[in-house]
Amino acid sequence: MPKKFVVGNWKLNNNLAESTSLIEEILAQTGSIPEDVHLGVSPSFLFLNKAIDLSGGDLRMSVVAQNVSHFEKGAYTGEVSADMLSSLRLEYCIVGHSERRQYFGESNADIKSKVDLLLQKGISPIVCIGENLAQRKEGSYLAVLIDQIDESLFHLEAHQISNVILAYEPIWAIGTGETATPAQAQEVHKSIRNHLIGKYGGKVAKEIPILYGGSCKPDNAKELFAQNDINGGLIGGASLNATEFLQIANSF
Ligand code: PGA
């Protein structure tokens, strides 16, 4: 599992030509980032195969899926299964992004199924959790995050959770230009870490990467990544520009 991981979440952006050129631009510069930093890019499902071909086994960068079906296989028109992703030899898949929860009605139970199906296929889920603005303001945010973790991950055994990556993404900071301050982010990351330690012990919990996401940009990444329990970033808007994305990766 990468100790420092910067993943671009491309969302519903970039057609084939745009995806190709963005990947080529990033690959041309992977040599400039610190050796212990690993990159991830997540084009549309349609272009995953192409992205894998382009990356040609570059060990500094993985191709990441943005989502997976919570069904294993069968009559579910339009879905993409964990088995399909694993047949591309993908290593990582984002699950439970707040946009999936908000616009597509994903529940913690759905996310739990996705995590299980991915782990069965040897793919590491990047599980997103986050509170909305009202929950932040009323002070219930830690309880919300703990519930998300408990309901989607705490059925796992230690050897399974060791293959999971968490991403804390406060919904009020996603795409809004309003970032959590480094202290706000660290408070949450430390609480998540402590919650994981309580369940799985320090040896396992300290190895689980916890990424931060939500308006992470070249000008704030350094301070965020300097926090003890922040192991990297899940980057939306700024990952669509190779220069900005690599500046963020260079912020450790
Ligand atoms: P943002 O998105 O960097 O554009 O805020 C982050 C995310 O949604 O993963």
Side-chain angles (χ1 to χ4, degrees), residues 2 4-14 18-19 22 26 37-45 48 51 61-68 90 92-106 110-111 114-115 118 124-133 135-136 141 144-145 148-149 152 164-182 184-186 188-189 192 209-225 227 230-252:
K4 298 175 180 172
F5 201 10
V6 178
V7 181
N9 178 8
W10 291 7
K11 309 188 182 185
L12 188 58
N13 294 295
N14 292 335
E18 290 160 345
S19 299
L22 184 51
I26 293 168
V37 177
H38 193 67
L39 296 176
V41 292
S42 64
S44 152
F45 283 134
L48 289 174
M61 192 186 88
S62 296
V63 177
V64 176
Q66 296 179 22
N67 186 26
V68 67
L90 238 79
Y92 304 100
C93 177
I94 299 168
V95 296
H97 191 281
S98 58
E99 288 149 15
R100 302 270 347 145
R101 295 176 189 255
Q102 189 178 343
Y103 304 128
F104 302 94
E106 271 185 23
D110 296 330
I111 293 156
K114 292 178 184 216
V115 166
L118 289 168
S124 286
I126 302 174
V127 179
C128 303
I129 56 172
E131 81 281 4
N132 63 30
L133 188 58
Q135 293 160 338
R136 164 63 55 173
Y141 55 100
V144 169
L145 299 166
Q148 290 174 344
I149 293 174
S152 58
V164 170
I165 294 168
L166 273 158
Y168 169 54
E169 298 211 312
I171 297 168
W172 47 273
I174 296 176
T176 58
E178 187 177 341
T179 328
T181 64
Q184 282 175 322
Q186 170 58 18
V188 170
H189 281 235
I192 295 170
I210 309 176
L211 314 182
Y212 169 79
S215 297
C216 185
K217 309 273 181 215
D219 62 0
N220 58 28
K222 202 178 175 96
E223 261 195 291
L224 286 162
F225 294 172
Q227 305 302 310
I230 299 185
N231 309 111
L234 184 55
I235 319 299
S239 74
L240 301 176
N241 176 296
T243 307
E244 285 189 32
F245 184 55
L246 286 148
Q247 277 171 355
I248 292 172
N250 269 313
S251 300
F252 276 102

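Atoms within each ligand, like the ligands themselves, are counted from 1 in listed order. A quick note: this is a predicted structure, and the numbers were derived from the prediction, not measured.
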Report summary line: For Gly237, the atoms of ligand 1 under 4.0 Å from one of its heavy atoms are 1 (P), 3 (O), 4 (O)
Report summary line: Quick note on ligand 1: atoms under 4.0 Å from a heavy atom of His97 include exactly 7 (C), 8 (O), 9 (O)
Please report whether ligand 1 has a polar contact with [X], defined as an N or O pair separated by less than 3.5 Å (distance criterion only).
| X | answer |
| --- | --- |
| Gly175 | yes |
| Ser215 | yes |
| Lys217 | no |

Requested in this report: Would you mind telling me if ligand 1 is within reach of the side chain of Ala173, the backbone, both or neither, using heavy atoms under 4.0 Å?
Outcome: backbone
Query raised in the report: Can you tell which part of Ile174 has a heavy atom less than 4.0 Å from ligand 1: side chain, backbone, both or neither?
Result: both
Query raised in the report: Could you give the distance from CD (Glu223) to SG (Cys216), rounded to the nearest 0.5 Å?
Result: 11.0 Å
Query raised in the report: Parallel, tilted or perpendicular: which describes the rings of Tyr168 and His189, with under 30° parallel and over 60° perpendicular?
Result: perpendicular
Query - ligand 1 contacted by Ala238 (non-hydrogen, < 4.0 Å) - result: no
Query raised in the report: What is the closest protein heavy atom to atom 9 (O) of ligand 1, and at what distance does it sit?
Result: Glu169 OE2, 2.7 Å
Query raised in the report: Which heavy atom of the protein is the closest neighbour of atom 3 (O) of ligand 1, given with residue, atom name and distance?
Result: Gly236 N, 2.9 Å
Requested in this report: Compute whether any side-chain donor of one residue and acceptor of the other, for Asn67 and Lys114, lie under 3.5 angstrom apart.
Outcome: yes
Requested in this report: Indicate whether the side chain of Gln66 and that of His97 have a donor and an acceptor atom separated by less than 3.5 Å.
Outcome: no
Query raised in the report: Does Ser62 reach the side chain of Leu39, with side-chain heavy atoms less than 4.5 Å apart?
Result: no
Report summary line: side-chain contact (heavy atoms from CB on, under 4.5 Å) test vs Leu211 passes for just one of Ile235, Val6, Ile165, namely Ile165
Query raised in the report: For the residue pair Phe5 and Tyr92, is the inter-centroid distance of their aromatic rings smaller than 6.0 Å?
Result: yes
